[in-house]
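First the structure, in the form of structure tokens, and then the observations on it.
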2 protein chains.
Amino acid sequence: MVHAETWAELALERLRRESGRSGTARREVVELLGRHDCCVSALELHDALRARGSRVGIASVYRTLEGLDRSGLVERVDLGDGIARFEPARGDEHHHHHFLCDDCGKVEPFADPALEAALERLAGGSGFAVDAHDVVLRGACGDCRAPVT
Amino acid sequence: MVHAETWAELALERLRRESGRSGTARREVVELLGRHDCCVSALELHDALRARGSRVGIASVYRTLEGLDRSGLVERVDLGDGIARFEPARGDEHHHHHFLCDDCGKVEPFADPALEAALERLAGGSGFAVDAHDVVLRGACGDCRAPVT
DNA sequence: CCAGCCGATGAGAACGGGTATCATTATCGC
DNA sequence: GCGATAATGATACCCGTTCTCATCGGCTGG
């Protein structure tokens, strides 16, 4: 990239270009989300912002996330618990999937070239135009699998 | 298997053993679900049963599905649209994942040994005790990818 | 076969994440 | 600054799922 811009700066500029306006809520949400590597829920973002004194409404959080999603700036992650999570889309080199601990709810990212290759081949050989894929592994994490002595 | 029992018969017997009772609603739900190869939602099951004159309540549908899930008799499938779907767990030879068309909502099952192998290896090499995995491919199906001339 | 116990059931209320509405606020071009 | 208009925040609403509770009905001891 020519400019050493952060994801947050890129995202804000992109959103701004689409409507011609900017706003405080949007900026706060994007900047906070930009500090995350892995998925966060809308409520977590909202709570964190309110906790630091922001007055953003939950609606603005969702609106911002929707806009980012429309522009492909975030990945929408569904871990199967009915809560939508989001993470900055930083490109292939950061592409990853998630492990979810059924016991403590911990989320752990992982990446695997062989898995991606298999998915790639699958997408190519199918009759579909695949443009996204989700993989979620579920089980017990290191802490939770330990014998409860 | 020694007895040529259907999945529905096995499931009903298992549920019965756990509580010592049986009931009409449960039987209707299990028998209908047993006729499906791929995922169905609770509402779809409920609607189908009511349409044929059954008086089952939606709560019984959910209760039955929860019991089946606890016993590992169904797979819970999450396609990311906020609706929980279920399909009979018939063992490894029927194991599959899903393609979801973003346009028309069509769901298509698929199976791929290489994908399973990659997931298997991943699960083994991680610090987690993985006991389930979900894979969802999203995009446009054959019908929807056609050029809109 | 009958009575009674207790799990199963169904109706509807409650819950919760996500969306829609709307009056107000704040940004941008002038 | 001024006006047009997008952005914002509070809140009502939607809908899938869960909870509650009075009732029903299958099972067991007699």
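None of these values were measured; they are calculated from a predicted model. Protein chains get the first letters and strands the later ones, always in sequence-line order, with residue 1 at the start of each.
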Using whole Å, what does the distance between atom P of nucleotide C/dG7 and atom CZ of B/R17 come to?
19 Å

Qualifying residues under ring pair (Phe, Tyr, Trp, His ring centres under 6.0 Å), relative to B/F86, sequence neighbours excluded
none

In whole Å, what is the span from the CZ atom of A/R27 to the C1' atom of C/dT27?
11 Å

Look at B/S60 and C/dG10 and indicate whether a side-chain polar atom (N or O) is within less than 4.0 Å of OP1 or OP2.
yes

Note: B/R17-B/E13 ion pair, threshold 4.0 Å (strictly below):
yes

Give every donor-acceptor pair under 3.5 Å between a side-chain atom in residues 51-60 of chain A and any protein atom, sequence neighbours left out.
| residue | atom | partner | partner atom | Å |
| --- | --- | --- | --- | --- |
| A/S54 | OG | A/E28 | OE1 | 2.6 |
| A/S54 | OG | A/V56 | N | 3.2 |
| A/S60 | OG | A/R63 | NH2 | 3.2 |

For B/D143, the side chain to side chain contact (heavy atoms under 4.5 Å, CB included) test, sequence neighbours excluded, returns B/K106, B/C141

Salt bridge check, A/R35 against A/E31: does any charged N sit closer than 4.0 Å to a carboxylate O?
no

Nearest-Å distance, CG (A/D69) to P (C/dG18)?
13 Å

Nearest 0.5 angstrom please: A/F99 CZ to A/L79 CG, how far?
11.0 Å

Between A/H46 (NE2) and C/dG17 (C1'), how many Å, whole number?
13 Å

From CG of A/L45 over to C1' of D/dG9, roughly how many Å is that when rounded to an integer?
17 Å

Spacing between A/R55 atom CZ and D/dT11 atom P, to the nearest angstrom
11 Å

For B/H96 and B/E75, test the side chains for any donor-to-acceptor distance below 3.5 angstrom and give the result as yes or no.
no

Output one letter per nucleotide in nucleotides 22-30 of chain D: B when a protein non-hydrogen atom lies under 4.0 Å from the base, S when only the sugar-phosphate is that close, - when neither is.
---BBS---

Could you encode protein contacts along nucleotides 15-21 of chain D as a string, one character per nucleotide from 5' to 3', using B for base contact, S for sugar-phosphate-only contact and - for no contact, with a heavy-atom cut-off of under 4.0 Å?
-SSBBB-

Side-chain atoms of residues 107-120 of chain B: list all donor-acceptor pairs with protein atoms under 3.5 Å, sequence neighbours left out, distances to 0.1 Å.
| residue | atom | partner | partner atom | Å |
| --- | --- | --- | --- | --- |
| B/D112 | OD2 | B/L115 | N | 2.9 |
| B/E116 | OE1 | B/H95 | NE2 | 3.2 |
| B/E116 | OE1 | B/H133 | NE2 | 3.1 |
| B/E116 | OE2 | B/H95 | NE2 | 3.2 |
| B/E116 | OE2 | B/H97 | NE2 | 3.0 |

May I ask you to say what B/R50 touches in the nucleic acid, namely base, sugar-phosphate or nothing, with a heavy-atom cut-off under 4.0 Å?
sugar-phosphate

Between atom CG in A/D78 and atom C1' in C/dG17, what is the gap in whole Å?
12 Å

To the nearest angstrom, the CG-P distance between B/L15 and C/dT9 comes to 10 Å

Look at B/D134 together with B/R76 and state whether they make a salt bridge at an N to O cut-off of under 4.0 Å.
no

